[in-house]
Amino acid sequence: MDRVDGPAKVTGAARYSAEINVPGTVYGVLKSSTIAKGRITNIDTTAAAKEPGILNIFTHQNLPKPAKTPKQIEKWRAAQSYLPMQDDQIQYAGQPVALVVAATLEAATQAAALIKVTYQADTPIDSYHDPKAELFDPQKIQQGKKDGHVVRGNPQQAFDGAAIRHEATYVHAINHHSPMEPAATLAVWEGADKLTVYEASQNVTMHQGNLAELLGMPREQIRVVTKYIGGGFGCKGSFWPHTILTVLAARAVNRPVKLVLTRPQMFTGVGHREDQEQTLKMGATADGKLVSIVHSKKATTSPWDNYTESNGKIMDMLYACPNYSTVYELARANVMTSVWMRAPGEAPGSFALESSMDDLAHQLNIDPLEIRLRNYADHDHSSGKPWSSKSLKQCYTRGAELFGWNKRNPKPGQTRRGNLLVGHGMASATYPVHSSQGTARVRLFADGHAVVEAGATDLGTGTYTVMTQVSADALGLPPEKIRFELGDTRLPTAPGSGGSVAAGTVASSIMAAAEDVWDKVVKMAVADKKSPLYKVKPTDVKVELGRMFLAKDPKKGETLLAALGRSGQPDIEGSGTGKYGAGYEEKNFGQNGADQNNDNKEKKSGGHSMHSFGAHFCEVEVDPDLGTVRITRWVGVHGVGTVLNLKTATSQMKGGAIYGIGAALMEDTFRDPNFARYTNADLAGYHIPVNADIPEIQVEFVPETDPYINYLGVKGIGELGMVGVAAAVGNAIFNATGRRMRSLPITPDKMLEALRLPA
Amino acid sequence: MNNFSYIQADKAKEATAAKRDDKSAAFIAGGTTLIDLMKLNVENHDQLIDVNMLPFRGIEMTKNGLRIGALERMSEVGEHPLVVQNFPAVSESLLLAASAQLRNMASIGGNVLQRTRCGYFRDTAFPCNKREPGTGCPALEGDNRNLAILGTSSACIATSYPGDLSVALTALDAVLTLENAKGKQREVPITKFYLLPGTTPQKETVLEADELIVAVTIPQTAAARKSKYLKVRDRSSYAYALASAAVGLEVQGGLIRSARVALGGVGTQPWRCSEAEKMLVGKAPSEAVFRAAAEVALRGAKPREHNAFKVEMAQNTLVRALSEVASL
């Protein structure tokens, strides 16, 4: 099925948050700090205030205080806990120092430029590799939500005693999400106690909750709306300064205020993937079986938060390895808090893990695919649990077949095409199922249409489309008779688009709400003399594709609409809560899931470990004289449970590969070591792939059934497609050149340097 | 971006006189660099003088070579049969630059005056000797990966012209026609048009305040007909050159009669390699000969922390370009 929102998008009828127009709207423009550390000594707004139509210029001196700052909020649901413009302190370059509100965008922009801010600058710390930086052990990461130390077995001892030992360090540049649609807020107050915010948000509930806490208002007085998103990749799934500043300013000027970050401000306004390096020690037996993985990571964090991606997760569970440990070390620098970016943890983690596996294969003269099969995890070694489903072997087999892996020359640097060296590489992909739940409402009208509602969001990946399909199937209606509404806190609470949970959770929620409608209509039917199901026990009735029938005698039955029509009621409404992952399993299979025999003492809730899996295969051409790398072929095969829509799912997996190719070959934000300020903060300087960088990408899904995960057996796919991509590229480069590239992105300068050194 | 007034000039004199009378004014043609820098507050002009209506158009062969009106668009010139046939390096340099949308807007005169992509120049939060003389050059110890290794000074290491076209024009001895407010025209070889940064990196060309580029003329030569522009960059399109080479060879009887060599992405200006050309003349084309010339071309390079790779990359780019032109 084609995208239901396609026509609205190509005709411009779809309004993104910044395109919403409310009468009386005025425009906010942020002025950002030029220095990275120090304090503001003076702000001169004289010239700025003379611009026409200025309503107000907010600085730390006159910005109305929120009821609470993030630090005072116990359940702060965002990556960064620091709210700028509360005092004269500067902690990072690009930190907001003033907000101009004017009648026109032009006047606000010009006034912002005319504000003269005087600073007393201190020497900033730019990153964890700054000599002034001090690495520390955070114990816990991500606002204390995750352990900073994980140990299983006796990893160091096992490594020391291993027949084969491999140790390497991998470096990952700063990456920025760079969605096409910038961050945007339109804050509309109706009186002092009612607020509507049109926000470019991946999670309207999260925005509502944080705003309620900051403003000291009841949640229900705040409405957050996001109808369309032009990409987010994680940066719109957190709560950032521009939103609260806009809301406070709108209340003060008593007008709707619209603020859209400029592209340079997008580099210091909505987080980033942190600069980091990982050291991975891998011990194996002589025949390539892993005995130990010892992982550590160093990364830069902000002056306030201990955010860092948890790269270790994937190393703990992807292979059958009995001993494992990870530890995180952070250094505070004058940067804003980094944040989850597509496949947080798994993306850089898989680069290290899957590059080292390739090295190990080469060292032992084993095919890269074979070494993965020798270490295939039949259950999740990190938890001891069985998999709810896993089709990685099938992905390997099918991917290898589609790619022609058996034609690969295992000897590096042997295959030439004209001036170019050709190489083939592969890597595994996996992403966990993050347990989640949400609610939905279904209203079935007797005239044969339905309105289905859930406060989820659509990143542009297809939530509108797949939820329309799910609703149509549940009610037995054609898709064009379904109106699916999302992106509004007035709708039933649903999770945001993040952590690949939207499809699995919202689909489940809609099914639960549809079941509620079924139950109500079945009750009507069994009490209705005119129904073929009259006097039948409701528990004996099944519903499929909008038709109720006697389970024992399917011919005996009628449609939901037939029964509803006779009742004289114009419509009927149902609602329900759907669960995704462990919660669904617990509800439907009991505390331990179906796996009652599993006696592993360490297992947590739920009986199964839930992950999606996949495999990437690619071909690269490396120009040995110029250092350029081109990807010439790509095959991705994935096992993701039920595929709701092949078209949107395929697009998403292709997008994942492209996003990964960007990180692998070009994405790199440079932070000046002396100024702790970015030097390439725009899309001409920060390179993301163009069409010419991307070959034909072949995507397939292997058939997979997962009864434990949710009602429809759907696993999330948003992040999976990116995991392992950089490693597959690096592995293909190794096959092409005999050079192992351990620093992302693999740009021509690094490639040339590696080629100059002996293989 | 500051507020500015806008006038559309119907006659060249009107434009150049307005510019002479207003030191803060700027000419605007395609605006692809100018508006960008104004939005960044790197350039602040109180008046823009639109020159698009002026008659500096046309692509025609003259006795001095191919004359291209300065207001012709990059895409028109790059695709023009006379350019494709007689000056392949020029065509390639235009079509490998920017994006299709930018090439449709940007004028030839404006392209020649394109300004550096140095991140310190483009962000007013940083000191920059080119933007604010005397404030310093953070690129020396900072992000210099994209910056120059030839022609640098302690005040500036920017690739002052970051584009492609002028590299090809420099190799092929193009001549710029400039016209001032008195209506007087003068001709300046492109090799004399750009200035080294020295202690005055803010002064980038010999163009006077009231002068407008009205045409570019490229002499028709055998080397120009057998020319090539090779560009190396971080992605396959829409990226500035890390290194590029514009070369032309005239080979007769197995020997190089004349050679044209210029490099882009490595010099503070489009970098003509006269010594390398001299080395090539009289020799039979071979990789060894090209390699030796490439080493000479990069002699005197002053690489810094992040751009040391450019020495080798530029040499290899040059060897590859020469090899392809010589069909080795």
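- Enclosure of atom NZ in A:Lys132 by more than 12 non-hydrogen atoms of other residues, nucleotides or ligands within 6.0 angstrom is indicated.
- Between atom CG of residue A:Asp668 and atom CG of residue B:Asp234 there is a gap of 9.0 Å, rounded to the nearest 0.5 Å.
- Both the sub-6.0 Å distance and the 45° axial angle are not jointly satisfied by B:Arg145 relative to the ring of A:Phe670.
- Chosen from A:Ala692, A:Ala681, A:Ser32, A:Pro745, the residue pairing most often with chain B at heavy-atom distances under 4.5 Å is A:Ala692.
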Please step through side-chain contact (heavy atoms from CB on, under 4.5 Å) for the pair B:Asn3 and A:Glu51, ending with a clear verdict.
-> CA-CA 10 Å; B:Asn3 294 324; A:Glu51 284 295 305; 3.5 Å; yes
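- Heavy atoms closer than 4.5 Å to chain B are found in both the backbone and the side chain of A:Ile688.
- For A:Pro673, the part lying near chain B is the side chain, with the backbone staying farther off; criterion is any non-hydrogen pair under 4.5 Å.
- A donor-acceptor pair shorter than 3.5 Å can be found between the side chains of A:Asp693 and B:Ser236.
- The interface of residues 30-41 of chain B with chain A, defined by heavy-atom distances below 4.5 Å, comprises B:Asn41.
- Neither the backbone nor the side chain of B:Gln315 comes within contact range of chain A; no heavy atom of the residue lies under 4.5 Å from a heavy atom of that chain.
- Across B:Glu312, B:Arg235, B:Lys310, B:Arg117, the residue that shares the most heavy-atom pairs under 4.5 angstrom with chain A is B:Arg235.
- Heavy-atom distances place both the backbone and the side chain of B:Met313 under 4.5 Å from chain A.
- With a 4.5 angstrom heavy-atom cutoff, B:Tyr240 does not touch chain A via any of its atoms.
- Only the side chain of A:Asn674 comes within contact range of chain B, with heavy atoms under 4.5 Å apart.
- In terms of heavy-atom pairs under 4.5 angstrom with chain B, the leader among A:Leu114, A:Asp623, A:Asn691 is A:Asp623.
- A:Pro748 has its side chain within reach of B:Leu242: a pair of non-hydrogen atoms, C-beta onward, lies under 4.5 Å apart.
- When heavy atoms are compared at a cutoff of 4.5 Å, A:Leu683 approaches chain B solely by way of its backbone atoms N, CA, C and O.
- For the atom pair B:Leu230 CG and A:Leu626 CG, the distance stands at 6.0 Å (nearest 0.5 Å).
- Minimum heavy-atom separation, A:Asp672 to B:Gly142: OD2-CA, 3.7 Å.
- Within 6.0 Å of the CD atom in B:Glu287, the count of heavy atoms belonging to other residues, nucleotides or ligands does not exceed 12.
- Between chain B and the options A:Arg671, A:Glu753, A:Arg630, A:Arg756, the largest number of non-hydrogen pairs under 4.5 Å is found for A:Arg756.
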side-chain contact (heavy atoms from CB on, under 4.5 Å) assessment of A:Tyr678 paired with B:Asp123
CA-CA 9 Å; A:Tyr678 298 123; B:Asp123 180 351; over 6 Å; no
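- The NE2 atom of A:His687 lies 9.0 Å from the OH atom of B:Tyr238; values are rounded to the nearest 0.5 Å.
- Of the atoms belonging to B:Arg122, it is side-chain heavy atoms, and not backbone ones, that fall under 4.5 Å from chain A.
- Of all heavy-atom pairs between A:Asp625 and B:Arg320, the closest is OD2-NH2, 2.9 Å.
- Put simply, CZ on B:Phe4 and CD on A:Gln110 are 10.5 Å apart, with the number rounded to the nearest 0.5 Å.
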